[in-house]
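All remarks here apply to the structure that follows.
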Amino acid sequence: MKETEIYELIEKAVEQLKFAYTPYSGFKVGAALLTGNGRIYGGCNIENAAYTPTNCAERTAFFKAVSEGERVFKAICVVGGKDGKLTEFTTPCGVCRQVMMEFCSPETFRIILATGTDHYKIFTLRELLPQGFGPSNLE
Ligand code: THU
């Protein structure tokens, strides 16, 4: 990926932190999802008083994109921390990794973990979900 593309995703993910709805955990997460045609969808976590309906930032971004017709994805950037402070990487939960597995190629889809444009690390989906179960298993 081009460095400018990576920076743009990190900045967009950080921007989403202000929308995070986190009255229960105070843990704010922002995501920015890059589609095959260059569009970027933002997402934030949205908590709920009944706890389990909580939606992670990554799934918010995916569901926004898929619900608008997108099916091809190149990368997602995830940032987060307690009270929105970005001190360490926030890694996608297992449910979000499984949602990525549904729509993304494990070898080519990139997951960018960042605390800012000056500190980030890039993983493939395969690295974060080895031996994942996906659509090809049902063919
Ligand atoms: N959360 C995310 O949005 N994404 C992650 O990658 C990890 C966890 C949210 C869910 C919940 O609102 C809060 O962080 C604490 O678990």
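Atoms within a ligand are numbered from 1 in the order they appear, just like the ligands themselves. Here, residue 1 is the first one in the sequence, and each next residue gets the next number.
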Element-labelled atoms of ligand 1 that are located less than 4.0 Å from some non-hydrogen atom of Cys93 = 6 (O)
Would you call the rings of Tyr120 and Tyr7 parallel, tilted or perpendicular, where under 30° means parallel and over 60° means perpendicular?
-> perpendicular
Give a yes or no on this: more than 12 heavy atoms of other residues, nucleotides or ligands lie within 6.0 Å of atom CD of Glu8.
-> no
According to a 4.5 Å side-chain heavy-atom criterion applied to Ile, Leu, Val, Met, Phe, Trp and Tyr, with indirect links allowed, do Ile76 and Leu128 form part of one hydrophobic cluster?
-> yes
Which bit of Cys56 gets closer than 4.0 Å to ligand 1, counting heavy atoms only: side chain, backbone, both or neither?
-> both
Can you find an N/O atom of Glu47 closer than 3.5 Å to an N/O atom of ligand 1?
-> yes
Counting from 1 in the order shown, the ligand 1 atoms closer than 4.0 Å to a non-hydrogen atom of Val29 are 1 (N), 2 (C), 3 (O), 4 (N), 9 (C), 14 (O)
How long is the gap from OG1 on Thr4 to CG on Leu9, to the nearest 0.5 Å?
-> 10.0 Å
Considering heavy atoms of the protein only, find what lies nearest to atom 15 (C) of ligand 1 and give residue, atom and distance to 0.1 Å.
-> Ser25 OG, 3.8 Å
Parallel, tilted or perpendicular for Tyr51 and Tyr24, by the 30°/60° rule?
-> tilted
Backbone or side chain, does any N or O of Thr91 fall under 3.5 Å from an N or O of ligand 1?
-> yes
Among protein heavy atoms, which sits nearest to atom 9 (C) of ligand 1, and what does the distance come to when rounded to 0.1 Å?
-> Asn45 ND2, 3.4 Å
Report yes if Glu58 has an N/O atom closer than 3.5 Å to an N/O atom of ligand 1; otherwise report no.
-> yes
Ionic contact status for Lys74 with Glu5, cut-off 4.0 Å | yes
Point-to-point distance, once rounded to the nearest 0.5 Å, from CD of Gln16 to CG of Asn45 = 11.0 Å
Report yes or no: does a heavy atom of Thr54 sit under 4.0 Å from some atom of ligand 1?
-> yes
Judging by distance only, is a nitrogen or oxygen of Ala57 under 3.5 angstrom from one on ligand 1?
-> yes
